[in-house]
Amino acid sequence: MFTLSPTPCSLNSWKVPDILRRKTGERLLILNWMASTVSLGKETLLEDGMPPAKKPRKLLPSLKTKKPRELVLVIGTGISAAVAPQVPALKSWKGLIQALLDAAIDFDLLEDEESKRFQKCLHEDKNLVHVAHDLIQKLSPRTSNVRSTFFKDCLYEVFDDLESKMEDSGKQLLQSVLHLMENGALVLTTNFDNLLELYAAHQGKHLESLDLTDEKKVLEWAQEKRKLSVLHIHGVYTNPSGIVLHPAGYQNVLRNTEVMREIQKLYENKSFLFLGCGWTVDDTTFQALFLEAVKHKSDLEHFMLVRRGDVDEFKKLRENMLDKGIKVISYGEEYADLPEYFERLTSEIAMRGRTGVPKEGQQLNGSATAHAEIKGCST
């Protein structure tokens, strides 16, 4: 038994046992191997010192064979956090509430005792929706005039100058979303920010921000008459009066059977693609809008892109989502793998969208359409 022991200096300082020097064939084999790669632990380096390129993760056939107009993209906090990672308020509900609380303190809007109480609730991870609701109520006097509330000021402080905080990898994600939108995909988000709209404006394209307080526009969006609009189901910070954190705040929409039926038909007839969402399907507003009245959810075909991360957590999420008709797909081991994976997926889907569209009245969701397309697809 022998070993090859590298010194810290260079490849030339590898020591080959004398017994191998007498065996020309073996010696040449080892020297050739040393010249091409160096194995250090689990990682293999090429002779230029760089690790080999990652093998691209394969795209799921039942997803890549979709056409853009068959999809509804659901944008979660993970996307906003990837686009502007230096903005804590974009990373989580807790981060947003903390940022609002910090702004309120900076503007001297809370007494010391009130500030301590909110900080304690956040630290103890109490019901964040209730904490947010209480904070908003504190910052909003009993008036219907949004201009007179400090909540608007705090929102604008939290989301100030988002354009300058976008990173290139995040812009790559937004470009892919915009590409699918322009080819017919609908987009909704649980986020309060307008990063996608800002990015589109820089590309010379106008996207409209919608919230659920405008029933007429929401109905038209669900009927695919406002495809270049982004539906913010919790509201968007540029319209504070439309921000609602609990389904009870959407009583007008929830009672409007025409609007609700059109919204729920989307979940039945299209494929939702969840991006940066995690447990968005547990969001009470999302459930009220899409899940509660939809039957036979496990027969549907939706998709969720997630980082593989912890194997046990990944398996648990996959099992839980299947009951809701959602296939959980890993885009890679690292968050940084998402932009490249999603760009490849977007290109594939957009290309198929240009080859033809389903006939009027054709069922879009479910496995039959996908299986038929996969059968005739060689890629």
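One-based numbering along the sequence shown. Keep in mind the model is a prediction, meaning the values are calculated, not measured.
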Asp211 and Ser209: CA distance, side-chain angles, deciding distance, side-chain hydrogen bond (donor to acceptor under 3.5 Å, both in side chains) verdict: CA-CA 7 Å; Asp211 62 57; Ser209 301; over 6 Å; no

Step-by-step salt bridge (charged side-chain N to carboxylate O under 4.0 Å, His left out) determination, Glu348 to Arg352: CA-CA 6 Å; Glu348 185 85 17; Arg352 293 176 186 281; 2.9 Å; yes

Worked verdict on Ser164 versus Asp161 for side-chain hydrogen bond (donor to acceptor under 3.5 Å, both in side chains): CA-CA 6 Å; Ser164 67; Asp161 196 23; 2.6 Å; yes

From CA spacing to verdict: side-chain hydrogen bond (donor to acceptor under 3.5 Å, both in side chains), Asp168, Gln172: CA-CA 6 Å; Asp168 289 343; Gln172 183 182 358; over 6 Å; no

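A search for salt bridge (charged side-chain N to carboxylate O under 4.0 Å, His left out) contacts involving Lys315 returns nothing, not counting sequence neighbours. With sequence neighbours left out, Phe290 forms a ring-ring contact (aromatic ring centres under 6.0 Å, His included) with Phe272, Phe286.
The nearest pair of heavy atoms linking Cys154 to Phe107 is SG-CD1, 4.2 Å. Across Arg308 and Ser330, no two heavy atoms sit closer than the pair CB-OG, 3.3 Å. Among all heavy-atom pairs drawn from Gln175 and Tyr199, the shortest one is OE1-OH, 2.7 Å. Scanning both residues, Leu90 and Ala84, for their nearest heavy atoms gives CD1-CB, 3.7 Å. Smallest separation of non-hydrogen atoms from Leu60 and Tyr341: N-OH, 4.3 Å. Of all the heavy atoms in Glu343 and Ser176, the pair that sits closest is CA-OG, 3.6 Å.
Using cut-offs of 30° and 60° on the angle between ring planes, the pair Trp93 and Phe192 is perpendicular.
A continuous path of ILVMFWY side-chain contacts below 4.5 Å connects Leu273 to Leu228, so both sit in one hydrophobic cluster. Note: the hydrophobic cluster containing Tyr156 also contains Met166 (ILVMFWY, side chain heavy atoms under 4.5 Å, direct or indirect links). Residue Val328 is not grouped with residue Leu322 when hydrophobic side chains (ILVMFWY) are merged at heavy-atom distances under 4.5 angstrom, including chains of intermediate members. No path of Ile, Leu, Val, Met, Phe, Trp and Tyr side chains, each step under 4.5 Å between heavy atoms, connects Val236 with Met181, placing them in separate hydrophobic clusters.
For the pair His232 (side chain) and Tyr237 (backbone), a donor-acceptor distance under 3.5 Å is absent. Side-chain atoms of Thr65 come within 3.5 Å of backbone N or O of Pro61 as a donor-acceptor pair. A side-chain donor-acceptor contact under 3.5 Å links Lys94 to the backbone of Leu122. At least one donor-acceptor pair closer than 3.5 Å links the side chain of Thr189 to the backbone N or O of Ile75. The closest donor-acceptor contact from the side chain of Glu319 to the backbone of Lys316 lies at 3.5 Å or more, if one exists at all. Side-chain atoms of Asn191 come within 3.5 Å of backbone atoms of Thr77 as a donor-acceptor pair (strictly under, hydrogens ignored). With Asn183 contributing its side chain and His179 its backbone, the two residues share a donor-acceptor pair below 3.5 Å. For Lys91 (side chain) and Pro85 (main-chain N/O), a donor-acceptor pair under 3.5 Å exists by modelled atom type.
The salt bridge (Lys or Arg N to Asp or Glu O under 4.0 Å) contacts involving residues 182-208 comprise Glu182-Lys205, Glu208-Lys217, Glu208-Arg226, where partners must be two or more places apart or lie in separate chains.
Residue Lys270 forms a salt bridge (Lys or Arg N to Asp or Glu O under 4.0 Å) with just one option from Glu70, Glu301, Glu224, and that option is Glu224.
At least one side-chain heavy atom of Leu338 sits under 4.5 Å from a side-chain heavy atom of Ile79. You'll find the side chain of Leu231 reaches within 4.5 Å of the side chain of Leu212, heavy atoms only.
Electrostatic pairing of Arg344 and Glu340 counts as a salt bridge here, judged by a charged N lying under 4.0 Å from a carboxylate O.
Taken from CG in Leu305 to CZ in Phe274, the straight-line distance is 11.0 Å, to the nearest 0.5 Å.
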